[in-house]
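Quick note: residue numbers are just sequence positions, from 1. These figures come from a predicted structure and were not determined experimentally.
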Amino acid sequence: VDAFEVGRVEAGHTDRLDAVLTDAQPAVILTTVAAAETINAFLRYRSPQRRPRVIAVDALPDSAGRTFTPVAADSDDIAYLQYTSGSTGTPKGVKVTHGNLLHNVYLIALHMQFRPDDRVLTWLPPYHDMGLIGSMLATFCAGVPVSFMAPAAFLRRPERWLSELSKRRCTISGAPNFAYELCADKVTDEALEMLDLSSWELAYSGAEPVRADTLSRFAERFGPRGFRRDAFYPCYGMAETTL
């Protein structure tokens, strides 16, 4: 749980998070020192028997790793619970097995045609399936290097996403439709002149309706800076089918 998710708690998502906690009954919540106090405040009203332990991973000493023992897992074992959005009811935890995950990761790598010289940039949060599976696990398994941005950094200044893409000469990056809309609307002419997006070969768009007018506006706005319209890769994924 990071500071971006804590912001969502304050924005009125407490019912959803409470439903997930009640359903999953986790023993531990992993977070950071910056977010731990807010998480503990959120959990304070729960009974001690239903209150998970909160661990700030950035406060653990390096020596703690010496006692870690890897756990062997079979393909039918559950890797994690992926919760649905809850837009039509209470969020439901989907049991994603290691076999489900590895099969989906293989298909993503196959269809996106990852190459050893690809470079990926993402600001998508890892508690979102597009961020966790599409941007993180698929690229890790393919051996492709990934650079990470904080979600809040993009939301505050959308041009930072494109600026980092340009500077790092990234070949793959993606986001929901709203991100392309935000860039087309908010990136200034001054910031635009500093960009070189000619290395961006695959710009995937998913996690919400993909709007043709958004893609056209983005391509028109950033085409002069090297972005190619055929880099767009509209995609669709659901938590219920891993991604």
List the atom of [X], the atom of [Y], and the distance in Å for their closest heavy-atom pair.
X	Y	result
Ser199	Cys170	OG-O, 2.8 Å
Val105	Ala138	CG1-CA, 3.7 Å
Ala56	Thr32	CB-C, 3.7 Å
Gly134	Thr139	O-CG2, 4.3 Å

Do [X] and [Y] have side-chain heavy atoms sitting under 4.5 Å apart?
X	Y	result
Ile108	Met112	yes
Thr171	Val120	no
Ile133	Thr242	yes
Tyr233	Ser205	no
Phe227	Leu162	no

Measure the [atom1]-[atom2] distance between [X] and [Y] for me, rounded to the nearest 0.5 Å.
X	Y	atom1	atom2	value
Met136	Asp129	CE	CG	12.5 Å
Leu243	Asn104	CG	CG	5.5 Å
Leu195	Arg221	CG	CZ	9.5 Å
Thr122	Met149	OG1	CE	9.5 Å
Ser147	Leu121	OG	CG	6.0 Å
Met130	Glu208	CE	CD	9.0 Å

Would a hydrophobic clustering, with Ile, Leu, Val, Met, Phe, Trp and Tyr connected at side-chain separations under 4.5 Å, put [X] with [Y]?
X	Y	answer
Leu110	Leu101	no
Leu192	Leu165	yes
Leu197	Trp161	yes
Tyr83	Val96	no
Leu132	Leu81	no

- With respect to Val57, which candidate in Val33, Thr31, Leu30 satisfies the side-chain contact (heavy atoms from CB on, under 4.5 Å) definition?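 That would be Leu30; it is the only one of Val33, Thr31, Leu30 passing the side-chain contact (heavy atoms from CB on, under 4.5 Å) with Val57.
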
Is a side-chain donor-acceptor pair under 3.5 Å present for [Y] with [X]?
X	Y	value
Arg50	Thr22	yes
Tyr80	Thr97	no
Arg228	Ser198	no
Asn177	Thr214	yes

- Query: Is the shortest side-chain N to carboxylate O distance from Glu164 to Lys167 below 4.0 Å?
  - Reply: yes

- Message: Holding to ring pair (Phe, Tyr, Trp, His ring centres under 6.0 Å), I want the full list of residues that pass it with Phe222, two or more places apart in sequence or in another chain.
- Response: Phe218

- Task: Any chance you could lay out the side-chain contact (heavy atoms from CB on, under 4.5 Å) test for Phe114 and Cys141, step after step, and finish with the verdict?
- Result: CA-CA 10 Å; Phe114 290 136; Cys141 290; over 6 Å; no

- Message: Parallel, tilted or perpendicular, judged at 30° and 60°: which one describes the rings of Tyr180 and Trp200?
- Response: parallel

- Describe, in one word, how the ring planes of Phe42 and Tyr45 are oriented to each other, choosing from parallel (under 30°), tilted (30 to 60°) and perpendicular (over 60°). perpendicular

- Item | Chi angles and distances behind the side-chain contact (heavy atoms from CB on, under 4.5 Å) call for Arg46, Leu21 | CA-CA 10 Å; Arg46 300 175 69 87; Leu21 282 171; 3.9 Å; yes

- What residue pairs, at least two apart or across chains, pass salt bridge (Lys or Arg N to Asp or Glu O under 4.0 Å) with a residue in residues 103-119? Arg115-Asp117, Arg115-Asp118, Arg115-Glu201

- Counting only heavy atoms not in Tyr106, do more than 12 sit closer than 6.0 Å to its OH atom?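 Not buried by this count: 12 neighbours or fewer within 6.0 Å.
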
